[in-house]
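Residues: numbered from 1 along the sequence shown. Ligands are counted one by one from 1 in listed order, and the atoms in each one are counted from 1 as well.
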Amino acid sequence: MQYHIILTKECNLKCEYCQGGSDSLPREIRYSIDDLKKFISLDETPILEFYGGEPLLRIETLEHIMDSIPARFVIQTNGLLLNELKSHYLKKFHSILVSIDGKRDVTDQARGNGVYDRIMDNIKLIRQKEFAGDLVARMTVVQGTDIYENVMHLLTLKEPGFDHVHWQLDFEMFWEAWEHTVPGLSKCLDSYNSGISSLIIWWVLEMQQTGKVSGIVPFTGVMNSLLNDTDSNLRCGSGIDFYTIMPDGRISACPVSIDFDFSVIGSIYDDLPSSLPGKAKVGEPCTSCDIFKTCGGRCLFVNRSQQLLRENGYPIICSTVRHLVKELKEAVPQIQTLINAGVIKKSDFDYPEFNNGCEIIP
Ligand code: SF4
Ligand code: SF4
């Protein structure tokens with residue numbers, strides 16, 4: 001299973017949508033690495049994903065964990081301190097997820113001046129230091145973002161470039177508190193959906209012209225299910241195969257909802273990894289939804305906090321999922337033709353290899 005390890009709640013940025021994240025105490029790890037090791041050793045195939053705050057603010061703890069616990073390692077970072085990771089540890093990472101929102105102006109507007117350039121310098125450096133794993137650009141998409149332009153920007157960067165691009169909608173705009181402060185939402189959703197359609201057209205064209213399946217994570221993950229006719233659970237895996245170990249050792253089903261009672265389902269002291277699945281699940285309206293088996297429910301946090309959403313918040317979010325799934329379904333015949341002709345392989349859509357912290361459905 002996959003465990004997010006919150007190394008600290010401190011962050012060296014104050015991005016528009018996060019403002020430094022959860023303020024609840026404790027902000028620093030209170031359990032011993034031995035306690036963590038004891039818990040993780042009960043899982044035969046653990047994946048540890050360092051998370052924060054900004055996990056690279058606690059490099060010594062990170063190194064200690066990597067030295068002490070046998071696991072596959074992933075990190076989700078804002079990228080500013082990647083230059084401080086020694087080559088020995090870099091090479092041990094299966095995947096590095098870097099938060100970046102697209103072009104320089106878009107990224108710097110949300111994250112701070114100069115952030116884009118520092119990320120670019122650092123991803124170049126880690127490649128020079130022989131990090132050979134999966135480098136994922138993780139975008140936060142705020143209202144008004146040109147999704148086509150910014151995904152294309154990240155996807156087509158070269159030396160340094162990213163292997164995959166993933167994004168999440170900044171759903172703060174769907175919360176009740178924002179209802180009267182964010183005008184023009186429906187126009188922005190139309191523009192987002194239209195950008196998704198354009199991206200899918202480009203994605204398929206690229207397959208036809210180059211035989212390459214470009215690493216657009218939401219498309220690849222959903223298309224994989226459609227091609228193989230498989231049902232999906234909640235795709236981020238929260239409460240299924242994906243948990244977050246909080247600084248005090250309690251375990252949350254989701255890394256974002258750590259301060260909500262529904263999400264806190266155990267602790268490394270009192271529970272076994274095998275006792276965690278099924279303790280927090282999505283419910284209605286997802287379980288009765290006609291595309292539940294493809295969508296998986298999108299987000300446990302939103303599903304269990306519907307009372308906090310703005311009026312019609314759920315249908316508004318779902319309209320983006322429905323559009324994505326519909327457009328990908330329509331692309332299936334073209335993609336199947338390319339597979340049958342040997343231009344691409346069905347296995348090109350086998351991503352991610354394991355739950356790497358990409359939620360698949362934005
Ligand atoms: S489309 Fe909406 S209602 Fe349907 S499963 Fe997904 S999140 Fe749930
Ligand atoms: S998609 Fe929702 S439930 Fe899943 S990790 Fe993200 S915030 Fe948590």
Side-chain angles (χ1 to χ4, degrees), residues 1-6 17-18 21-22 47 49-52 74 76 97 99 136 138-142 166-175 189 192-193 196 217-218 221-222 225-226 230-246 250-265 276-306 308-310 312-329 352 354-362:
M1 296 200 287
Q2 213 267 30
Y3 306 90
H4 269 40
I5 310 286
I6 298 180
Y17 19 72
C18 170
S22 162
I47 300 139
E49 179 157 342
F50 298 111
Y51 190 77
V74 178
Q76 197 171 134
L97 280 58
S99 302
V136 182
R138 225 193 119 80
M139 303 165 64
T140 301
V141 172
V142 298
H166 179 54
W167 66 91
Q168 273 293 290
L169 293 176
D170 170 28
F171 55 73
E172 286 217 333
M173 61 189 172
F174 303 122
W175 295 134
L189 287 170
Y192 172 78
N193 286 338
I196 294 297
V217 176
V222 175
S225 304
L226 295 174
T230 46
D231 296 346
S232 177
N233 285 317
L234 180 66
R235 289 179 181 267
C236 68
S238 287
I240 300 167
D241 64 355
F242 173 57
Y243 302 95
T244 295
I245 300 180
M246 295 153 70
R250 286 181 301 151
I251 297 171
S252 167
C254 150
V256 187
S257 55
I258 54 177
D259 296 326
F260 288 72
D261 288 344
F262 80 84
S263 192
V264 181
I265 54 170
L276 301 175
K279 286 192 174 174
K281 293 184 192 168
V282 290
E284 296 293 357
C286 294
T287 39
S288 302
C289 173
D290 58 318
I291 60 166
F292 181 49
K293 289 179 175 171
T294 306
C295 168
R298 183 179 176 270
C299 175
L300 177 71
F301 185 14
V302 169
N303 182 270
R304 298 292 295 270
S305 310
Q306 290 171 51
L308 301 177
L309 290 175
R310 59 187 285 157
N312 291 328
Y314 223 87
I316 293 171
I317 300 170
C318 296
S319 67
T320 65
V321 183
R322 287 186 175 282
H323 181 79
L324 174 82
V325 170
K326 176 181 96 48
E327 295 285 86
L328 287 170
K329 274 188 178 163
F354 52 79
N355 188 337
N356 66 355
C358 290
E359 303 90 338
I360 310 294
I361 298 274

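Residue V256 has at least one heavy-atom neighbour below 4.0 Å for each of these atoms of ligand 2: 7 (S). Using a 4.0 Å cut-off to heavy atoms of R298, the atoms of ligand 2 that qualify are 1 (S). The contact set between ligand 2 and P255, taken as ligand atoms under 4.0 Å from a residue heavy atom, comprises 5 (S). Each of the atoms 5 (S) of ligand 2 lies under 4.0 Å from some heavy atom of F242. For ligand 2 and F301, the ligand atoms under 4.0 Å from any heavy atom of the residue are 3 (S). Applying the 4.0 Å criterion to heavy atoms of E359 picks out, from ligand 2, the atoms 1 (S), 6 (Fe).
The residue I317 has no part lying near ligand 1, judged by heavy-atom distances below 4.0 Å. When heavy-atom distances to ligand 1 are checked against a 4.0 Å cut-off, C295 comes that close only through its side chain, counted from C-beta outward. Both the backbone and the side chain of C299 come within 4.0 Å of ligand 2, judged by heavy-atom distances.
For the residue pair R304/S257, the side-chain donor-acceptor check at 3.5 Å is not satisfied.
Counting only heavy atoms of the protein, atom 8 (Fe) of ligand 1 lies nearest to C286 SG, 2.4 Å. If you check which protein heavy atom lies closest to atom 4 (Fe) of ligand 1, you get C289 SG, 2.4 Å. Counting only heavy atoms of the protein, atom 1 (S) of ligand 1 lies nearest to I291 CD1, 3.7 Å. Here the heavy atom of the protein found nearest to atom 2 (Fe) of ligand 1 is C318 SG, 2.3 Å.
The aromatic rings of F242 and H4 sit perpendicular, their planes meeting at an angle over 60°, well past the 30° parallel limit.
With hydrogens and angles disregarded, no donor-acceptor distance shorter than 3.5 Å links the side chain of S263 to the backbone of S252. Put simply, the side chain of D231 never gets that close to the backbone of K293: no donor and acceptor are under 3.5 Å apart. No side-chain donor-acceptor contact under 3.5 Å links Q2 to the backbone of F354. Side chain of S288 to main chain of P285: no donor-acceptor pair is present (N/O by atom type, distance under 3.5 Å, no hydrogens or angles).
Residues L300 and F262 form a side-chain contact, since some pair of their non-hydrogen atoms from C-beta on lies under 4.5 Å apart. A heavy-atom distance below 4.5 Å is not found between the side chains of P255 and Y3.
Put simply, C254 stays out of reach of atom 4 (Fe) of ligand 2, with no N, O or S atom under 2.8 Å from it.
Atom NZ of K326 has more than 12 neighbouring heavy atoms from other residues, nucleotides or ligands inside a 6.0 Å radius.
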